[in-house]
Protein chains: 2
Amino acid sequence: MPKIVDHNQRREELAQAAWRVIKQGGIEAATVRKVAEEAGMSLGSLRHYFETQSELIAFSMDLVSNRVTKRIRQTPLTGNIRTDCIMLAAQVLPLDEERRIEGEVWLAMTAKSLADPSLRILFLEVHDSLLRLFEQIVCRCWGQPYNRPLSPVAAAEARALHALIDGLAVHLLFELEGLSPETAMALVERQLDRIIGMGDQ
Amino acid sequence: MPKIVDHNQRREELAQAAWRVIKQGGIEAATVRKVAEEAGMSLGSLRHYFETQSELIAFSMDLVSNRVTKRIRQTPLTGNIRTDCIMLAAQVLPLDEERRIEGEVWLAMTAKSLADPSLRILFLEVHDSLLRLFEQIVCRCWGQPYNRPLSPVAAAEARALHALIDGLAVHLLFELEGLSPETAMALVERQLDRIIGMGDQ
DNA sequence: TTTTTTATAATACAACTGTGCTAATATGCG
DNA sequence: CGCATATTAGCACAGTTGTATTATAAAAAA
């Protein structure tokens, strides 16, 4: 046998090379040749880890959601509801370079998911679990147990929070009108305070 | 001379053919050949109206924003602040088939804009004027004159409304968790009512 | 050492790409 | 009518694409 290689690690390396190519030239620049070159390996070598281009793209998209999920799971909770909710929401926004490239790739994948049924499935799964997260946040803000189906009001607040954060994420990527990470976070906190305020009544 | 043809109308026909191709197969499917075929004309004919592919794509993106702008301008105002604001916001959301294909194309263009400087300029222009619209809506809700720069609170509310609606637009395109146009509009109205409520204090 | 299997690389090929160029077509105008 | 020209159509070409195939290198296992 030859040098034994961690297949999954190699696939992640290639996927991150794909990220960089996508960041540079958009999803249509993510050809197998360009990704292989960016990863510093030959075309045949890439094909040893991904049989088709679709596999590579799907894995690259999957890696984004895995990274975000992992970060959410590892977020240290303080017990302070407001602080914890803010910290969780922050994991989805492109606030630093690490989360920025994830966001750019995710946006590219989102557009591709519209016309690609198999990517669409993955996209919907991710957004469903994201909505669950926001539902939990709303329930926690109101000191309610998290039982689905939620009350109409809680469901509405979760959906609105979800949409607000998704919208802010895109606006941050484009630095719309000089929108800064701090301003974006302030808007999220503002909305969270409104939600918390509703629970007191 | 041959048959005299309205150049701009032909370009719009081709751009709408591009829309359909993009809806079907994503932005990378919008090759000059596929668009020409979809429009029912030859490749050489298309090239008579668009010298390059980039021109065709940029025009197609431009057409989306023109359509939305036109609809916003033509929205009949009732004088009732709440109703008018709702009607305006509704022009940006993919609530029916006409606005849906615009939304799908816009999402595809958004992703492409991230890596394409010239498209990015157009994208930023559109979003700036969209933000202006939401700023006007907030001011109108509070019975304030519209003078920039706005107060920090008004600016924050406009930004949040903008992000909420953009996020909802994407979620509607994917029918996230069965999100319906009615539910989406209810969320917008909810947010508007909150804004109006803030002005009373 | 020899064998065997994995990893890497190189090449080939058919299909598709954008764009340049040329010929044909048809129609408004003198 | 005939002519000029906007329009349409077609082909060519070089470059890129995804994928298949084959060859080489290297190292674990015998």
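Residue numbers start from 1 in every chain, and the chains themselves are labelled A, B, ... in the order their sequence lines are given, proteins ahead of strands. Hydrogens, waters and symmetry mates play no part in the numbers below; they use all other heavy atoms, side chains included.
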Atom pair distance, as rounded to whole Å: [atom1] in [X] and [atom2] in [N]:
X       : N      : atom1 : atom2 : value
B:Glu28 : C:dC16 : CD    : P     : 15 Å
A:Phe50 : D:dA20 : CZ    : C1'   : 19 Å
B:Arg10 : D:dA6  : CZ    : C1'   : 12 Å

Residue closer to the 5' end of DNA chain D, B:Leu43 versus B:His48 (nearest nucleotide): B:His48

Does the structure place the NZ or CZ of A:Arg11 under 6.0 Å from the centre of the six-membered ring of A:Phe59, at an angle of no more than 45° from the ring's axis? yes

OP1 or OP2 of C:dT17 less than 4.0 angstrom from a side-chain nitrogen or oxygen of B:Lys34, does that happen here? yes

Establish, with yes or no, whether the OP1 or OP2 oxygen of C:dA7 is under 4.0 angstrom from a side-chain nitrogen or oxygen of A:His7. yes

Report yes if some heavy atom in the side chain of B:Leu63 is under 4.5 Å from a heavy atom in the side chain of B:Val105; otherwise report no. no

Determine whether A:Gln9 and A:Glu13 make a side-chain contact, defined as any pair of heavy atoms from C-beta on separated by less than 4.5 Å. yes

Within the modelled atom types, does a donor on one side and an acceptor on the other bring the side chain of B:Arg47 and the base of C:dG18 under 3.5 Å apart? no

Mind checking B:Tyr49 for me? I need base, sugar-phosphate or nothing, with any heavy atom below 4.0 Å counting as a touch. sugar-phosphate

Could you give me the CA-CA distance, side-chain angles and deciding distance for A:Glu38 and A:Arg33, then say whether salt bridge (charged side-chain N to carboxylate O under 4.0 Å, His left out) is met? CA-CA 9 Å; A:Glu38 171 71 32; A:Arg33 281 175 179 80; over 6 Å; no

